[in-house]
Number of protein chains: 2
Amino acid sequence: MAKRVRTTRTGISDVAARAGVSLATVSRVMNGNQTVDAQIAERVRIAASELKYQPNPTGRNLARGKTDTIGVVVPDLGNPTFQGVLRGVSRAAAQDGYRVLIADSSEVSSEEAILAGEARRRCDGVVLCAPRMGAAELEELAPSLHPLVLVNRATNATGSPSVIVDYGRGIQDLAAHLVGLGHTRLAYVAGPASSSSHRLRLAGLDAFKASHSGIEVQVFSNGSTFEDGHSSAGDVLASGATGIMAFNDLTAMGLLSALNERGIRVPEDLSVTGFDDIPFARYTTPPLTTATVPIQDVGEQAWAQMKELLNRAPNAAAEAGEPASTTFTPTLTVRGSTAPPPGKG
Amino acid sequence: MAKRVRTTRTGISDVAARAGVSLATVSRVMNGNQTVDAQIAERVRIAASELKYQPNPTGRNLARGKTDTIGVVVPDLGNPTFQGVLRGVSRAAAQDGYRVLIADSSEVSSEEAILAGEARRRCDGVVLCAPRMGAAELEELAPSLHPLVLVNRATNATGSPSVIVDYGRGIQDLAAHLVGLGHTRLAYVAGPASSSSHRLRLAGLDAFKASHSGIEVQVFSNGSTFEDGHSSAGDVLASGATGIMAFNDLTAMGLLSALNERGIRVPEDLSVTGFDDIPFARYTTPPLTTATVPIQDVGEQAWAQMKELLNRAPNAAAEAGEPASTTFTPTLTVRGSTAPPPGKG
DNA sequence: GTGAAAGCGCTAACAC
DNA sequence: GTGTTAGCGCTTTCAC
């Protein structure tokens, strides 16, 4: 790469030349270093603006050993939950001058580790949303990703902070709401078995059953899509349950739709709840009673944790003791899809 | 930054030392350069994997003058349309080994130009979604952003390719559908005046009126949110129109909701159409008749254009003649929200 | 307060 | 085919 024609845009040396100062001085001025004489600084600023000079981030990144960018790994950019996290992280990070690099694994979870590693190399840290990744794999991966913030994954042995949603609490609130309405036969139309948030709901339900002996809680295995919810209608109706908790809003909507096709009235004949409170949950017919997860706050909090990590000495990783972990508790949002069971109204 | 303790991870020189070769050879091997002797290449590969060596992208970026990253500027990460574009770009770019950096202007359009410039400096190119940016500003900005791909903006003087949606055609198809059903009094519940896609719809409607003299087409100024649609119900009902075209799916849903509250039946009393076919449009009650915009394809195509630009000689910018421009035509998707007007069923 | 110069980690010309 | 070396554009130490 020896002698070759300059092909690049105006660089720091052009500014230095024009202002009659050294590169170092230009650099200082561009970085707001106060040790530069005001007159000279002004001269540099003028030269820079005359030349429309803008520092090249790549050179700066290499010299500083940081990129002011964090990676966000999500399994699916089409999922409202991850969209919310992404948006929250992106906005919060932007406030602090950081940018976000996307890594969408397109649900190919075998790619997640590779993607995350790649993102980490290009960025100063990564926020990982990997609900289906095995615990073992996660623990092995985590150290190489530091600074790492986990979303909706328990921290375990990894020293990484996490921001999690108390799905167990949320589903219990939903169950309690239904029971409070008079329902005694409940059913949970489950999410994918590999989903950790599904397992959390299951645990919450176990706790609920333990403290509500008179209440029946059936569980149907199912999935996480609208279609999954739609196809669960048969099981749901056959069960005799009157209070149905769907895995999430999308499956609840599918169920609502199937029920509507069959002439079953909601909430008169059956009560249905969702989970998450995605933007469209309020617009269903009837509007969905659900457990509201402040998903954008989750993203913002993930950034807050990341910032914390970034401001720590690089080697303070392990010594920092307990990794921080923030828990968001869903709040019950009652809309029109729940009511007392038939005969109890 | 003179003598200091090495704080960095294993670099190319470690691998070179261990394999007993020069940096250049390691670099060649890591880049799949075939000119390296197979035996030596293997030796290098082993050394690299033993050391868990992964090239540092920043160094590489600086040396190669490219980052394998493109920036995507969107006005709002919460908007399904931009989410779709982002997803499409991200997936398509990933196929070619490129990553995406997000720049969300959070609807603060005065920030868009700055954000875009910043993104451009960090990336090899930018995909710009700036529906509200003034034409003049855009034209001034475009050259400094090259390689630039515009989404839903006409190309004008700027030599940048664009991928656009034929909103004018889409709304005409919707209007024709309603007229075909027997409606003679139509109304368009408009989008924000500053939205270029709204102006395109308006132009389409003008064309429609020109060729359908017996048909009335009223226009109500409005907005782009659910609430805007909801609050338009009064105007809509007062107008006497029976075929209502909402600006987009979201406003259509708002209108649907308000109509439902007032006991107006859709499609029996009034037909309503949306625009875009966002993921939830099929789940409304009744399901929305709309103009389907293949938004993810738009994103993928934006990447295709970008790739084209990137593969061109850097200075071939201007000489390339006509900038490419791809147009996607929305397709009419008839669902349950449209029917013949009262008395014509 | 300012400048010279040594890197940051890698790539690619060029020489061998 | 392989090594040497000069950058890529910037930051930062160190000496003045």
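Reminder, nothing fancy here: chain letters follow the sequence lines and each chain counts from 1.
Taking atom CG of residue A:Leu62 and atom C1' of nucleotide D:dT11, one finds them 10 Å apart after rounding to whole Å. If you take CD1 of A:Ile12 and P of C:dG3, they are 12 Å apart, rounded to a whole angstrom. Straight-line distance from the CE atom of A:Met30 to the P atom of D:dT12: 14 Å, rounded to whole Å. Computed from coordinates, the A:Arg121 CZ to C:dC10 P distance equals 11 Å when rounded to whole Å. Across the protein-nucleic acid pair, A:Asn61 atom CG and C:dC8 atom P stand 16 Å apart, rounded to whole Å. Atom CZ in B:Arg60 sits roughly 21 Å away from atom P in D:dC10 (whole-Å rounding). Per the geometry, NZ belonging to A:Lys66 stands 14 Å off C1' belonging to D:dC10, to the nearest Å. As a whole-Å value, the separation of B:Gln54 CD from C:dC10 C1' is 15 Å.
Both B:Gly59 and A:Val36 sit near DNA chain C, but only A:Val36 has its closest nucleotide nearer the 5' end. Of the two residues near DNA chain D, B:Ile40 and A:Tyr53, the one whose nearest nucleotide lies more 5' is B:Ile40. Remark on DNA chain C: of its neighbouring residues B:Thr58 and B:Arg28, the 5'-side contact belongs to B:Thr58, judged by nearest-heavy-atom nucleotide. Both A:Asn31 and B:Val21 sit near DNA chain D, but only B:Val21 has its closest nucleotide nearer the 5' end.
With B:Asp124 contributing its side chain and B:Asp68 its backbone, the two residues share a donor-acceptor pair below 3.5 Å. Within the 3.5 Å criterion, the main-chain N or O of B:Met133 finds a donor-acceptor partner in the side chain of B:Arg153.
Residues B:Pro131 and B:Phe82 come closest through the heavy atom pair CG-CZ, 3.9 Å.
Not one side-chain nitrogen or oxygen of A:Arg64 sits closer than 4.0 Å to the OP1 or OP2 atom of D:dT11. Remark: A:Thr25 is in phosphate contact with C:dG3, judged by side-chain N or O atoms under 4.0 Å from OP1 or OP2.
Applying the 6.0 Å contact sphere to CD of B:Glu107 captures more than 12 heavy atoms from other residues, nucleotides or ligands. Taking a 6.0 Å sphere around CD of B:Glu50, one finds it holds more than 12 heavy atoms contributed by other residues, nucleotides or ligands.
The side chain of B:Ser22 sits closest to D:dG3 out of C:dA4, C:dC10, D:dG3. With C:dT2, C:dC8, C:dC10 as the candidates, the nucleotide lying closest to the side chain of A:Ala63 is C:dC8. Listed nucleotides: C:dT2, D:dG9, C:dC10. Nearest to the side chain of A:Thr35: C:dT2. Of the candidate nucleotides C:dG1, D:dC10, D:dG3, D:dC10 has the atom lying nearest to any side-chain atom of A:Asn56.
Within the 4.5 Å cutoff, the side chain of A:Arg122 has no heavy atoms near those of the A:Thr69 side chain.
Heavy atoms of B:Pro55 sit under 4.0 angstrom from primed sugar atoms or phosphate atoms, though from no base atom.
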Would you mind writing out the side-chain donor-acceptor pairs for residues 38-46 of chain B within the sub-3.5 Å range, not counting sequence neighbours?
from    : atom 1 : to      : atom 2 : distance (Å)
B:Glu42 : OE1    : B:Arg45 : NH1    : 2.9
B:Arg43 : NH1    : B:Ala19 : O      : 2.6

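Recorded end-axis angle for the helix from C:dG1-D:dC16 to C:dC16-D:dG1 stands at 40°, based on five pairs per end and rounded to 10 degrees.
Under a 4.0 Å N-O distance rule, the pair B:Asp76/A:Arg91 qualifies as a salt bridge.
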